Protein chains: 2
Amino acid sequence: MATESKTEIIRRSILDVTRKLLVEKGINNISTRMIARQVGCSVGLIYFHFKSKDELTHTLIEEGFDMLVERQESAEKAHENPVERLAALSRAYLNFALENPEYYEIMFMLKPERMARYPAEKYRKARRSVEVVARTLKDCAKENLMVVEDPYLNAHISWSFMHGVITLIQAQRIDKRIANDTMIEAAIEQIIRMHLHPAADNPI
Amino acid sequence: MATESKTEIIRRSILDVTRKLLVEKGINNISTRMIARQVGCSVGLIYFHFKSKDELTHTLIEEGFDMLVERQESAEKAHENPVERLAALSRAYLNFALENPEYYEIMFMLKPERMARYPAEKYRKARRSVEVVARTLKDCAKENLMVVEDPYLNAHISWSFMHGVITLIQAQRIDKRIANDTMIEAAIEQIIRMHLHPAADNPI
DNA sequence: CAAAAAATTGAACACTGTTCAATGGTTTTT
DNA sequence: AAAAACCATTGAACAGTGTTCAATTTTTTG
């Protein structure tokens, strides 16, 4: 194992503490002072290693996308049938979000002013999350299992759908008579349904 | 018109300024001091009329739901055909959100800790927004135009879908090669499609 | 007019992200 | 080894946040 210099250790320690606090309290309930206190250093030192709280957050955002994409790509490989693959992909996304709400928040719910500084090259990894869905939709269309005019657009549509379900669940806005599981399962079903061939006698 | 007492005038003035600042800057970029400065009073006075910034926000949230529900109910009345009505309802919701992003933010994007204090009786008006969709879905099913097992659940599903599209658009997370209009139209189409009768030969 | 009540102020508290001159500690250069 | 350069670190400060509260003014009531 590569020996870490004292500086690297402190940098890692700042990240470790921030990650821990993030998961415990969410990004908006942690401060640079809290991090410094728990690391055992001054606030100034955090700003020596990271140029802002946002940059600290961005590092964790990247971690989050690594986790998500890993889950999605493993789901992708696990299913031959592209329709099943689409369902598995959706489930992977939704489960990741439910299990890691604080990561999900920094990855997908930060306002543009905080994300504007997010390094452009890192967006690529973020985009892979949508591309894996687009690929699968393309496969579904190719095998004539679904109607998909524009896979990339429809991937964004599916993504939006899931994002909406997740954010409303996490904001506790769904009527409590509807269980979270019910919402999740219904969402997956409708993501499939909306791409199926419609019956001929539908009123368009 | 009822003559307003000085106290009522100041209360209204605080609300007017807050509304104006909300629309200009969004809830997270306005402070009680900014409001006080623009009203021409001290911060303390704001806390005499409203017990917190959240209570001030809640008043505007109610305004927002009045606007939204009005739009939805007028769209509801405008269409005999329930499928067309569903499309019109969706369009009303989406347009409201796009035209009033700051209202939408306080209505649907505030975290539970701020909404927890939101008075329970006011939630009723908020719920009407989902109930009008549920009614329409029920009508679609009754006339055998759509397959809707549980209208209330499916109304939540449609709502989540729209909420996801709106929030991702407003957070500027959609690939810029996809126009906002394209997303909106695709979403409305899919809300209809996902409820249609599927063709018999679909791989479920 | 005096007393009670309501409305209003301004200072304070405990936070927030961020900056920066001053410091101590290592290396590197002479 | 001494001097210079560099890196890492601190603590105080700045300007901002939501909120509280004793003191004060203004208005209403008896």
Side-chain angles (χ1 to χ4, degrees), chain A residues 3-19 21-22 24-61 102 105-106 110-118, chain B residues 2-19 21-22 24-61 102 105-106 109-118:
Chain A
T3 48
E4 280 180 316
S5 73
K6 219 176 235 171
T7 318
E8 283 163 340
I9 288 175
I10 228 274
R11 203 195 122 96
R12 282 249 338 226
S13 172
I14 292 171
L15 270 172
D16 289 345
V17 167
T18 308
R19 186 183 312 110
L21 287 175
L22 171 79
E24 272 175 27
K25 303 167 179 288
I27 195 66
N28 291 318
N29 296 309
I30 67 182
S31 68
T32 50
R33 276 160 184 85
M34 286 176 63
I35 297 165
R37 216 175 298 136
Q38 206 147 131
V39 169
C41 69
S42 65
V43 265
L45 190 53
I46 290 176
Y47 284 85
F48 175 77
H49 288 279
F50 301 89
K51 80 171 194 295
S52 66
K53 189 189 173 187
D54 278 355
E55 192 182 291
L56 204 40
T57 309
H58 292 340
T59 311
L60 297 179
I61 290 177
E102 304 84 6
E105 182 180 8
I106 60 173
L110 292 190
K111 312 237 74 188
E113 62 254 31
R114 299 183 91 186
M115 288 304 288
R117 314 186 200 171
Y118 193 65
Chain B
T3 48
E4 280 180 313
S5 73
K6 216 176 239 175
T7 318
E8 283 163 341
I9 288 176
I10 227 276
R11 203 195 122 95
R12 280 248 338 223
S13 171
I14 291 171
L15 270 173
D16 289 346
V17 167
T18 308
R19 187 184 310 109
L21 286 175
L22 171 79
E24 271 176 27
K25 303 166 179 291
I27 195 66
N28 290 317
N29 297 309
I30 67 182
S31 68
T32 50
R33 276 160 184 88
M34 286 175 62
I35 296 166
R37 216 175 298 139
Q38 204 145 133
V39 169
C41 69
S42 65
V43 265
L45 190 52
I46 291 176
Y47 283 85
F48 175 77
H49 288 279
F50 301 88
K51 81 170 194 294
S52 65
K53 188 189 173 187
D54 279 355
E55 193 181 290
L56 203 40
T57 308
H58 292 340
T59 311
L60 297 179
I61 289 177
E102 304 83 6
E105 182 179 8
I106 62 173
M109 293 165 76
L110 292 189
K111 311 238 78 189
E113 62 254 31
R114 299 182 93 185
M115 288 304 287
R117 314 186 201 171
Y118 193 66

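Chain identifiers are assigned alphabetically (A, B, ...) following the order of the sequence lines, protein sequences preceding nucleic acid strands; residue numbering begins at 1 within each chain. All values reported here derive from a predicted model rather than from experimental measurement.
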For A/R11 and A/I14, run side chain to side chain contact (heavy atoms under 4.5 Å, CB included): C-alpha distance rounded to whole Å, both residues' side-chain angles, the deciding distance at 0.1 Å, then the answer.
-> CA-CA 5 Å; A/R11 203 195 122 96; A/I14 292 171; 5.7 Å; no
Report the distance from atom NZ of A/K6 to atom C1' of D/dA8, rounded to the nearest whole Å.
-> 10 Å
Which sits closer to the 5' end of DNA chain C, A/L45 or A/R37, going by the nucleotide each is nearest to?
-> A/R37
A/H49 atom NE2 is separated from D/dT9 atom C1', nearest whole Å, by 8 Å
Would you check, one step at a time, whether the test side chain to side chain contact (heavy atoms under 4.5 Å, CB included) holds for A/H49 with A/T7?
-> CA-CA 9 Å; A/H49 288 279; A/T7 318; 3.4 Å; yes
In whole angstroms, how far is the P atom of C/dT8 from the CD1 atom of B/I9?
-> 11 Å
Taken to the nearest whole Å, NZ/A/K51 to P/C/dG17 is 16 Å
Whole-Å gap separating C1' (C/dA11) and OH (B/Y47) = 15 Å
Of all the choices, D/dT19, C/dG17, D/dA8, which nucleotide is nearest to the side chain of A/K53 once you look at every atom?
-> C/dG17
Are any of the side-chain heavy atoms of A/V39 and A/T18 separated by less than 4.5 Å?
-> no
Answer yes or no: is there a side-chain heavy-atom contact under 4.5 Å between B/Y118 and B/L110?
-> no
Is the phosphate of C/dG10, meaning OP1 or OP2, less than 4.0 Å from a side-chain N or O of B/S42?
-> no
Which of the following nucleotides, D/dT20, C/dT16, C/dT9, is nearest to the side chain of A/M34?
-> C/dT16
To the nearest Å, how far apart are A/I46 CD1 and D/dA8 P?
-> 16 Å
Could you tell me whether B/T7 contacts a base, only the sugar-phosphate backbone, or nothing, with contacts defined as non-hydrogen atoms closer than 4.0 Å?
-> sugar-phosphate
Please work out if B/I35 contacts a base, only the sugar-phosphate, or nothing of the nucleic acid, heavy-atom cut-off 4.0 Å.
-> nothing
Would you indicate which nucleotide in D/dA12, D/dT9, C/dT9 comes nearest to any side-chain atom of B/C41?
-> C/dT9
Grab the CD1-C1' distance between A/I10 and C/dT26 for me, whole Å please.
-> 17 Å
Ignoring hydrogens and angles, tell me if any N or O in the side chain of B/S13 forms a donor-acceptor pair with the backbone of B/I9 under 3.5 Å.
-> no
Along DNA chain D (nearest heavy atom to each residue), the more 5'-positioned of A/G40 and B/S31 | A/G40
C/dT16 P sits how many Å from B/N28 CG, rounded?
-> 16 Å
Ignoring hydrogens and angles, are the base of D/dG16 and the side chain of B/R33 linked by a donor-acceptor pair under 3.5 Å?
-> no
Select one nucleotide: of C/dT18, D/dT19, D/dA8, the one nearest the side-chain heavy atoms of A/F48.
-> D/dA8
